[in-house]
Number of protein chains: 2
Amino acid sequence: MLSAATEPPSLVHEVEPGPELLDAAAATLRMLAEPTRLHLLWQLANGPKTVSELTAAAGVPRTVASQHLAKLRHSGLVDTRKDGRNVIYSLRDGHLVRLIRETINHADHQMTGEPTHS
Amino acid sequence: MLSAATEPPSLVHEVEPGPELLDAAAATLRMLAEPTRLHLLWQLANGPKTVSELTAAAGVPRTVASQHLAKLRHSGLVDTRKDGRNVIYSLRDGHLVRLIRETINHADHQMTGEPTHS
DNA sequence: AATATGAGTGCATAAGTTCGCACCTATGCA
DNA sequence: TGCATAGGTGCGAACTTATGCACTCATATT
């Protein structure tokens, strides 16, 4: 019951997130936490793409890509627009781009020898 | 094979992540993508804590906290240190703090009125 | 009109996850 | 030595998730 540990390192935020916030955050993270979906989102971080382009880039069967895109759509992370027989996907929130890049970045650092970052 | 969509918005990175990187990133995200675990990590973003402190903060039964902490340990996201009969957990990588805060931040924006732009 | 192509859906199987119970180890204290 | 406390583990039950198959819908092209 003592505030143990070595020493208080920052006490910067101290904000208690609350269950709803945590659930929302976890829900978003669950969407990112699958290699194929992350790949699709990463592609979209470069700008809008059609399903064909996304499918080709991710290297998965069409139904699989479609299912994942459906999840992303239903969770509100991406937007769609129709152009002829193509459907063009795009990221809904620019904020997400930063999150995705931060994630890939982190993984990259972790793999290539763990340099404390710059 | 046409670079469809509206127009190329940035072409900044263009780097293809590759399966291993994506798997690694997804693995890390899976660790974050669970409300209790995210809560624990959020606590740790404020500095090292004992299991008791973490368990109390997260408001879950001890065994549950223990299982989640085990996962975090085994995935290398946290470090442990023993002090008497307490075990003190801490974040392994400072980079992770940014990722966690970015995530909570994103979720917060998304909840409090969706001011994402349209 | 007929057909090919881009995209989405419903469903079943397989695989993974969380939770809580029962049980165990280690440290400190009387 | 005996006991309380901090923390961890193994396992089964319930739940969630990813995948691929078969099928449908819509838009072009001929």
Side-chain angles (χ1 to χ4, degrees), chain A residues 1-5 19 22-41 43-44 48-90, chain B residues 1-5 19 22-23 25-41 43-44 48-75 77-90:
Chain A
M1 291 97 133
L2 308 156
S3 60
L22 287 168
D23 284 354
T28 297
L29 286 165
R30 268 201 307 280
M31 285 301 119
L32 307 197
E34 204 277 339
T36 300
R37 239 151 29 215
L38 190 55
H39 202 323
L40 295 170
L41 289 166
Q43 292 303 127
L44 291 177
K49 303 249 183 310
T50 70
V51 174
S52 297
E53 292 174 318
L54 291 168
T55 300
V60 290
R62 295 208 143 56
T63 49
V64 171
S66 215
Q67 300 274 10
H68 285 305
L69 289 169
K71 293 202 110 178
L72 294 173
R73 221 183 326 140
H74 294 133
S75 68
L77 265 59
V78 300
D79 268 330
T80 57
R81 170 167 70 86
K82 254 186 107 176
D83 179 42
R85 40 186 163 179
N86 300 310
V87 175
I88 300 173
Y89 279 74
S90 54
Chain B
M1 279 97 147
L2 307 157
S3 59
L22 288 168
D23 284 354
T28 297
L29 287 166
R30 268 201 307 277
M31 286 301 118
L32 306 196
E34 204 277 338
T36 300
R37 236 149 35 213
L38 190 55
H39 202 322
L40 295 170
L41 289 166
Q43 293 302 127
L44 290 177
K49 303 250 182 313
T50 69
V51 174
S52 298
E53 293 173 318
L54 290 169
T55 300
V60 290
R62 292 187 172 54
T63 48
V64 171
S66 214
Q67 299 272 10
H68 285 304
L69 289 169
K71 292 201 109 176
L72 294 174
R73 227 167 45 226
H74 293 132
S75 69
L77 263 60
V78 301
D79 268 330
T80 57
R81 171 167 70 85
K82 253 187 105 175
D83 179 44
R85 32 184 170 182
N86 299 312
V87 176
I88 300 173
Y89 279 75
S90 54

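Each chain gets a letter, A, B and so on, in the order the sequences are listed, and its residues count up from 1.
- Between R85(A) and P61(A), the residue anchored nearer the 5' end of DNA chain D, judged by the nucleotide with its closest heavy atom, is P61(A).
- To the nearest 0.5 Å, the span separating CZ on R81(A) from CG on N86(A) amounts to 10.0 Å.
- One interatomic measurement links the two molecules: CG of D23(A) to P of dT18(C), which rounds to 14 Å at whole-angstrom precision.
- With values rounded to the nearest 0.5 angstrom, S66(A) atom OG is found 7.0 Å from R73(A) atom CZ.
- A close approach under 4.0 Å does occur between a side-chain nitrogen or oxygen of R37(A) and OP1 or OP2 of dA18(D).
- For the pair L32(B) CG and dT17(C) C1', the computed distance is 16 Å after rounding to whole Å.
- Note: CD1 (I88(B)) to P (dG7(D)) measures 9 Å, nearest angstrom.
- Candidate nucleotides dA7(C), dG8(D), dT9(C) were compared by shortest atom distance to the side chain of R73(B), and dG8(D) ranks first.
- E53(B) places its CD atom 9 Å from the P atom of dG7(D), with the value rounded to the nearest Å.
- One interatomic measurement links the two molecules: CZ of R62(A) to P of dG20(D), which rounds to 14 Å at whole-angstrom precision.
- Considering only side-chain N and O atoms, N86(B) lies nowhere under 4.0 angstrom from the phosphate OP1 or OP2 of dT27(C).
- Within the structure, every side-chain polar atom (N or O) of S66(B) is placed at least 4.0 Å from both OP1 and OP2 of dT9(D).
- Between the P atom of dA7(C) and the CG atom of L69(A) lies a distance of 10 Å, rounded to the nearest Å.
- Computed from coordinates, the H74(A) NE2 to dT16(D) P distance equals 18 Å when rounded to whole Å.
- Listed nucleotides: dA4(C), dG20(C), dG7(D). Nearest to the side chain of V64(B): dG20(C).
- T63(B) comes within 4.0 angstrom of a nucleotide base, judged by non-hydrogen atoms across all strands.
- As rounded to whole Å, 16 Å separates atom C1' of dA18(D) from atom CG of L38(A).
- For dT17(D), neither phosphate oxygen OP1 nor OP2 lies less than 4.0 angstrom from any side-chain nitrogen or oxygen of H68(A).
- As judged by a 4.0 angstrom heavy-atom cut-off over every strand, Q67(A) is placed among the base-contacting residues.
- Shortest non-hydrogen contact noted between P48(A) and I88(A) is CB-CG2, 3.7 Å.
- Between Y89(B) and the phosphate of dG8(D), there is a side-chain N or O to OP1/OP2 separation shorter than 4.0 Å.
- Applying the side-chain hydrogen bond (donor to acceptor under 3.5 Å, both in side chains) test to every pair with at least one member in residues 25-36 of chain A, sequence neighbours left out, gives no pairs at all.
- Nucleic acid contact for R30(B): sugar-phosphate only, since backbone atoms but no base atoms lie under 4.0 Å from a heavy atom of the residue.
- Of all the heavy atoms in K49(A) and L44(A), the pair that sits closest is N-CD2, 3.9 Å.
- Taking 4.0 angstrom as the limit, K82(B) places none of its side-chain polar atoms (N or O) nearer than this to OP1 or OP2 of dA6(D).
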